[in-house]
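Heads up, the thing below is written out as structure tokens.
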Amino acid sequence: MGQLVPLPGAHVGGDMVGNTILNTLLPMHVQIDLQGRVRHVGPTFMKLIGAGANIIGDYLFDHLQFSYPKVIISEQDLAQYYNMPLIMQIKNIPALI
């Protein structure tokens with residue numbers, strides 16, 4: 001894996017947290033903006049998406065779907081469940097060879 005590049009920090013619980021810290025503590029994280037576009041993904045999440053894939057700037061719901069609660073189908077729905085456990089799955093996982 002290449003060197004981690006710190007990106008602009010994310011506001012988490014009112015505090016500013018750098019992406020390098022999130023990559024270490026929460027390697028499966030996904031950061032999105034208010035329009036639901038992917039801003040940053042953790043290294044483990046990126047491995048699941050596929051090493052050659054670049055989803056930065058893509059709409060989150062083009063790549064993920066929520067299994068619980070199933071009513072989450074947009075970034076507005078997602079905001080209602082802030083600070084609650086969510087279950088999601090990747091829509092298209094690359095075949096492992």
Side-chain angles (χ1 to χ4, degrees):
M1 188 162 109
Q3 179 181 357
L4 296 177
V5 178
L7 298 173
H11 290 284
V12 178
D15 296 326
M16 199 68 164
V17 177
N19 288 334
T20 302
I21 294 170
L22 288 174
N23 285 344
T24 302
L25 297 176
L26 300 167
M28 286 286 294
H29 78 277
V30 178
Q31 292 178 20
I32 61 171
D33 62 19
L34 295 174
Q35 289 75 39
R37 302 276 173 200
V38 177
R39 299 275 315 221
H40 178 73
V41 296
T44 302
F45 185 87
M46 194 60 180
K47 286 179 185 177
L48 291 175
I49 290 290
N54 182 9
I55 66 168
I56 305 302
D58 290 356
Y59 188 57
L60 176 71
F61 294 92
D62 289 344
H63 299 283
L64 297 176
Q65 65 188 30
F66 286 84
S67 303
Y68 178 82
K70 287 187 180 274
V71 297
I72 298 177
I73 58 170
S74 73
E75 64 278 5
Q76 291 87 8
D77 298 332
L78 188 57
Q80 295 176 15
Y81 294 93
Y82 177 76
N83 208 22
M84 292 179 63
L86 305 172
I87 299 172
M88 65 182 127
Q89 59 194 75
I90 299 170
K91 288 183 177 179
N92 297 309
I93 297 178
L96 300 176
I97 299 173

Are there more than 12 heavy atoms of other residues, nucleotides or ligands under 6.0 Å from atom CG of L25?
-> yes
Connected via hydrophobic side-chain network under 4.5 Å: L60 and M84 = yes
Does one hydrophobic cluster hold both Y68 and F61, with members joined at side-chain heavy-atom distances below 4.5 Å?
-> no
Which pair of non-hydrogen atoms, one from [X] and one from [Y], has the smallest distance, and what is that distance?
X   : Y   : answer
Q89 : S67 : OE1-OG, 2.7 Å
D58 : N54 : OD2-O, 3.9 Å
V38 : I32 : CA-CG2, 4.2 Å

For F66, the option from I73, L78, V71 that meets side-chain contact (heavy atoms from CB on, under 4.5 Å) | L78
Could you point out which residue of L22, N23, V30 forms a side-chain contact (heavy atoms from CB on, under 4.5 Å) with H40?
-> N23
Would you say Y81 and P69 make side-chain contact, with heavy atoms under 4.5 Å?
-> yes
Side-chain heavy atoms of I56 within contact of R39, under 4.5 Å = no
Show the numbers, then the answer: is there a side chain to side chain contact (heavy atoms under 4.5 Å, CB included) between I49 and V41?
-> CA-CA 10 Å; I49 290 290; V41 296; over 6 Å; no
Does a side chain donor of either Y59 or E75 reach within less than 3.5 Å of an acceptor in the other side chain?
-> yes
When you look at L64 and K91, which way does the side chain to side chain contact (heavy atoms under 4.5 Å, CB included) test go after all the steps?
-> CA-CA 5 Å; L64 297 176; K91 288 183 177 179; 5.8 Å; no
